[in-house]
S.K.: 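Pasting a structure below so you can have a look.
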Amino acid sequence: MTPRTFASSKEIRKEIAKHPILEEKIQYAYSLPRGGIALHFTENHKVDSNNIDHLIPTNLFGNTSKRHIPNYNNQNQQLTGFLRNIPLNCNVLELRDKFESKTNIKILNIHQLRYWDTKICMPIAKIKFRSEGDLQKAIKLGLFKLVDEKKEVFVERKRVNKVTRCYNCHRFGHSQVKCTLPKRCYNCGQENCTEKTLH
């Protein structure tokens, strides 16, 4: 049995459930488009080259499966936080000064996010911290007042919850690569739609 046998997250979870100690350590599990299975461990059970043998049994997905840690550098993700509930169209330099003086944390970079379609400012600023410890410290502050006395802001890590949408049938929970359903119109949801939609 190879990782390609597991077509859905449900099948992967069933296999993981055979190892109860492992099940509580895994936060997300899903198959990859080009074959293989991705496992995301909880914050308390980070995987590195020293503990991969201890955390993941060799026969988890069959005897032919190979285990490896992604070779990208995870450091940047651990240094990035998001300051939420900030005023719209605020002065970013002023926001940086106020954040550093209020929290006593020096940051590398900050910029306010915008909606991809309208380019209107969002009430969120992306912050790059100098260290993982500084990010943790900012998160532990919880709610605090920064620019507007009526609003309380807070820092959090990047949210990893992603919604998978199929661009073939336009349903959720799987990708176009794994879709076995008929193609549907993204505008009306019908299978045999002949109308052209204007963009």
Side-chain angles (χ1 to χ4, degrees), residues 9 12-13 16 22-34 36-52 55-56 68-148 151-167 172-177:
S9 297
I12 294 167
R13 277 287 173 189
I16 293 169
L22 180 65
E23 189 178 21
E24 64 187 30
K25 297 174 183 176
I26 294 176
Q27 189 171 15
Y28 304 106
Y30 52 89
S31 59
L32 298 169
R34 295 184 180 179
I37 295 167
L39 301 176
H40 292 252
F41 287 79
T42 60
E43 280 294 313
N44 298 330
H45 300 95
K46 290 183 180 177
V47 182
D48 58 34
S49 55
N50 297 320
N51 69 354
I52 189 169
L55 281 176
I56 307 172
H68 70 91
I69 298 166
N71 56 8
Y72 61 83
N73 187 352
N74 216 16
Q75 187 67 14
N76 289 337
Q77 291 182 356
Q78 294 172 356
L79 297 180
T80 303
F82 292 86
L83 182 65
R84 294 185 174 268
N85 209 25
I86 64 172
L88 300 176
N89 299 314
C90 63
N91 184 317
V92 179
L93 294 175
E94 182 185 334
L95 184 67
R96 178 181 185 149
D97 291 341
K98 288 191 176 184
F99 180 85
E100 290 184 339
S101 63
K102 184 84 174 181
T103 61
N104 230 4
I105 300 171
K106 296 289 182 186
I107 58 177
L108 292 172
N109 191 17
I110 182 170
H111 71 272
Q112 190 164 10
L113 301 183
R114 294 175 179 270
Y115 291 100
W116 69 272
D117 51 352
T118 61
K119 306 304 179 198
I120 295 172
C121 286
M122 298 171 71
I124 306 167
K126 185 176 182 181
I127 301 176
K128 188 166 183 183
F129 290 86
R130 293 175 182 270
S131 69
E132 169 72 17
D134 285 345
L135 172 56
Q136 288 281 9
K137 184 180 172 183
I139 292 169
K140 286 178 182 176
L141 288 172
L143 293 167
F144 62 97
K145 291 179 180 175
L146 189 63
V147 179
D148 187 347
K151 282 187 173 183
E152 291 182 315
V153 299
F154 62 97
V155 176
E156 68 176 11
R157 291 181 184 274
K158 184 176 181 179
R159 295 176 183 173
V160 292
N161 302 25
K162 290 185 179 179
V163 177
T164 306
R165 175 184 170 186
C166 173
Y167 288 96
F172 297 99
H174 65 276
S175 63
Q176 183 176 348
V177 177

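Everything numeric in this text was worked out from a predicted model, so none of it was measured.
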S.K.: Going from CD1 on I110 to CZ on F129, what distance comes out if it is rounded to the nearest 0.5 angstrom?
M.R.: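 So the CD1 of I110 and the CZ of F129 are separated by 8.0 Å.
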S.K.: Is any side-chain heavy atom of I105 closer than 4.5 Å to a side-chain heavy atom of L135?
M.R.: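 When only atoms from C-beta onward are counted, L135 and I105 do not touch, as no gap falls below 4.5 Å.
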S.K.: Can you measure from CD1 (I127) to CZ (R96) and round to the nearest 0.5 angstrom?
M.R.: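 I127 atom CD1 to R96 atom CZ measures 9.5 Å (nearest 0.5 Å).
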S.K.: Sequence neighbours left out, what passes salt bridge (charged side-chain N to carboxylate O under 4.0 Å, His left out) with R165? Give chain and number order.
M.R.: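 By the salt bridge (charged side-chain N to carboxylate O under 4.0 Å, His left out) rule, R165 matches no residue at all.
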S.K.: Step by step, work out the side chain to side chain contact (heavy atoms under 4.5 Å, CB included) result for R157 and I139.
M.R.: CA-CA 8 Å; R157 291 181 184 274; I139 292 169; 3.7 Å; yes
S.K.: Can you confirm whether L83 sits close enough to L146 that some side-chain heavy atom of one is under 4.5 Å from a side-chain heavy atom of the other?
M.R.: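 Answer yes - side chains close enough.
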S.K.: Would the number of heavy atoms belonging to other residues, nucleotides or ligands and lying under 6.0 Å from NZ of K106 be above 12?
M.R.: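 No - once you tally the heavy atoms of other residues, nucleotides and ligands closer than 6.0 Å, there are 12 at most.
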S.K.: Measuring from atom CD1 of I107 to atom CG of L95, what distance do you get when rounded to the nearest 0.5 angstrom?
M.R.: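 That separation rounds to 7.5 Å.
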S.K.: I need the I86 CD1 to M122 CE distance, nearest 0.5 Å.
M.R.: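 Reported value, rounded in 0.5 Å steps: 10.0 Å.
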S.K.: Please verify the inter-ring angle class for F144 with F99; under 30° counts as parallel, over 60° as perpendicular, anything in between as tilted.
M.R.: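 Plane angle between 30° and 60°, so tilted.
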S.K.: Return the SG to CD1 distance between C121 and I124, rounded to the nearest 0.5 Å.
M.R.: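 Rounded to the nearest 0.5 Å, the SG-CD1 separation comes to 11.5 Å.
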S.K.: State the CG-CD distance between N85 and E152, to the nearest 0.5 angstrom.
M.R.: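 Those atoms lie 8.5 Å apart.
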